[in-house]
Enquirer: 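One structure follows; several queries about it will come next.
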Amino acid sequence: MAAAVGQGGPDADPGLYGPRSVTWQMHGDPVMWIAGVRALYLQALHPLAVRGVTQNSDFRQDAWGRLLRTARFVATITYGTTEAAERAGAKVRGIHRRLSLTDPATGLRHGVDEPELLLWVHCAEIDSYLQVMRRSGYPLTDAQADAYVAENVVSARLVGLDPAGVPADTAALAAYFEKVRPELAATPEAREVDAFLRRPPVHALLVPAREVIWGRFAALAYGSLPPYAHELYGRPAPPPQVVTRRLRAMGRALRCVPPRVRWQLPPKHILRAVERLGPGSRPSPYKLRRNAAIGEPGASGAPGSPGTPGRTGTPGAPG
């Protein structure tokens, strides 16, 4: 079925999501970069999760590399073949298995791959992607938002989580944040991440561009955080309606860049997926608007309800 959508031949591998999924359409949007920065801000508020980063890497020297590696992982599991996605997941699990952190408050050692930490990182990413994309004007119905959360249970599995314990719709995601919120804090490590994201180190000649371009991206990412995150960081943010208006303006501007131009950036995962599956597999928000208009189940074109993964025959997905 999925291969027929892209006219890529009967043996073309649609990967873990496939061209009919909400994830396939959404992850091709340029506003995802702002959403990714928002995820970093949110993830840093979990004391153990942020210490896992600061104690195992020098993110100050390789922050851009970390951001690009995360983007490459998301692109690989979204648009790559099933084999490539599984291989990327195995690599991440292998790295995490070898790392640990020390809680300075208790002196206890924790594995970076403890389910509590992996779940926080996953949920912060999925929530950030959804919140920023919807507020930027990307067309997602409530049913499609639920489908997106459900589809990405497979990404949680890839990093080592038991799918049964991962939120599979927006209500479960909101309930998770309510549960974990008392554990969050703006630790010195979190404030270090905040300071870095506001003014990352760049060559002296690039400082003006950092202030004009990156400064706007980071401000939008920070502004889109929930109010409790602003309270913890201790920095005010514009009113929510102002942030939404600015996100919509940024979304319109970024989406003016032709997709074929944006997709030329290395490592060209989307272009390779279109070559593999055919021109009908190009990601497009139009497909979500069309699906919503005709009332397809889960609004992603995949069989099943919004509470099930949105790809036909997803290997390794729950159910």
Side-chain angles (χ1 to χ4, degrees), residues 2-3 5-6 8 11-37 39-40 43 53 57 62-99 112-113 118 121-126 128-130 132-133 148-161 163 166 259-260 262-278 281-284 300 302 309-318:
V5 173
D11 298 324
D13 179 5
L16 294 179
Y17 296 92
R20 292 182 181 272
S21 67
V22 177
T23 301
W24 187 279
Q25 317 311 328
M26 201 172 96
H27 284 185
D29 192 87
V31 175
M32 282 285 290
W33 286 99
I34 298 175
V37 177
L40 295 178
Q43 289 165 352
V53 174
S57 68
D62 189 34
W64 296 116
R66 288 185 61 85
L67 186 60
L68 290 173
R69 285 191 293 274
T70 298
R72 187 176 294 113
F73 175 76
V74 172
T76 298
I77 67 173
T78 304
Y79 300 111
T81 63
T82 301
E83 180 184 0
E86 295 289 353
R87 190 166 56 245
K91 181 178 180 180
V92 168
R93 294 194 302 272
I95 292 172
H96 287 170
R97 197 177 300 121
R98 297 191 296 270
L99 301 178
V112 170
D113 61 352
L118 294 178
V121 171
H122 170 79
C123 290
E125 287 181 355
I126 298 305
S128 293
Y129 298 161
L130 268 181
V132 171
M133 292 292 286
Y148 177 75
V149 178
E151 289 168 7
N152 279 278
V153 170
V154 72
S155 69
R157 175 186 65 79
L158 285 176
V159 299
L161 283 165
V166 179
R260 291 287 300 187
R262 291 189 269 109
W263 299 342
Q264 289 292 336
L265 294 174
K268 303 183 180 182
H269 287 94
I270 295 178
L271 289 179
R272 290 205 298 272
V274 172
E275 290 174 358
R276 186 173 79 249
L277 300 171
S281 63
R282 292 190 186 98
S284 171
S300 68
R311 176 194 178 254
T312 305
T314 302

Enquirer: Kindly write out the residues that satisfy side-chain contact (heavy atoms from CB on, under 4.5 Å) with Thr70, not counting sequence neighbours, or none if the list is empty.
Expert: Glu125
Enquirer: So which atom in Gly28 and which in Arg262 form the shortest heavy-atom distance, rounded to 0.1 Å?
Expert: O-NH1, 3.1 Å
Enquirer: For Asp29, what residues pass the salt bridge (charged side-chain N to carboxylate O under 4.0 Å, His left out) criterion, not counting sequence neighbours?
Expert: Arg255
Enquirer: List the residues meeting ring pair (Phe, Tyr, Trp, His ring centres under 6.0 Å) with His27, not counting sequence neighbours, and say none if there are none.
Expert: Tyr129, Tyr148
Enquirer: Return yes if some donor-acceptor pair links the side-chain N/O of Asp13 with the main-chain N/O of Thr81 below 3.5 Å, else return no.
Expert: no
Enquirer: Identify the two heavy atoms, one from Leu118 and one from Val159, that lie closest to each other, and give their separation to 0.1 Å.
Expert: CD1-O, 3.6 Å
Enquirer: Are Arg260 and Leu271 side-chain neighbours, meaning at least one heavy-atom pair lies under 4.5 Å?
Expert: yes
Enquirer: Go through the structure and list residues passing side-chain hydrogen bond (donor to acceptor under 3.5 Å, both in side chains) with Ser155, not counting sequence neighbours.
Expert: none
Enquirer: Supply the atom-to-atom distance Gln25 CD to Tyr17 OH, rounded to the nearest 0.5 angstrom.
Expert: 13.5 Å
Enquirer: Residues two or more places apart in sequence or in another chain: which of them pass side-chain hydrogen bond (donor to acceptor under 3.5 Å, both in side chains) with His122?
Expert: none
Enquirer: Give a yes or no on whether the backbone of Ala71 and the side-chain of Trp33 come within a donor-acceptor separation of less than 3.5 Å.
Expert: no
Enquirer: Just how far is it from atom CD1 of Ile77 to atom CG of Asn152, taken to the nearest 0.5 Å?
Expert: 6.5 Å
Enquirer: Shortest non-hydrogen contact from Ala273 to Trp24?
Expert: CB-CH2, 3.8 Å
Enquirer: Looking only at non-hydrogen atoms, find the nearest pair between Arg276 and Ala12 and report the distance.
Expert: O-CB, 3.5 Å
Enquirer: Minimum heavy-atom separation for Ala39 to Ala124, with atom names?
Expert: CB-O, 4.0 Å
Enquirer: Got a list of side-chain donor-acceptor pairs under 3.5 Å for residues 87-97, not counting sequence neighbours?
Expert:
from, atom 1, to, atom 2, distance (Å)
Arg87, NH1, Glu83, OE2, 3.3
Arg93, NH1, Leu158, O, 2.7

Enquirer: Between Ser281 and Gly278 (side chain of the first, backbone of the second, donor and acceptor by atom type, cut-off under 3.5 Å), is there such a pair?
Expert: yes
Enquirer: Could you pull out all residues at least two apart from Ile270 that satisfy side-chain contact (heavy atoms from CB on, under 4.5 Å)?
Expert: Tyr79, Trp263, Val274, Pro283
Enquirer: With heavy-atom distances below 4.5 Å as the criterion, would you say the side chains of Glu151 and Leu16 are in contact?
Expert: no
Enquirer: From Glu86 CD over to Thr76 OG1, what is the distance, rounded to the nearest 0.5 angstrom?
Expert: 12.5 Å
Enquirer: Where do Ala156 and Val166 come nearest, in terms of heavy atoms and distance?
Expert: CB-CG2, 3.8 Å
Enquirer: Between Arg272 and Gly80 (side chain of the first, backbone of the second, donor and acceptor by atom type, cut-off under 3.5 Å), is there such a pair?
Expert: no
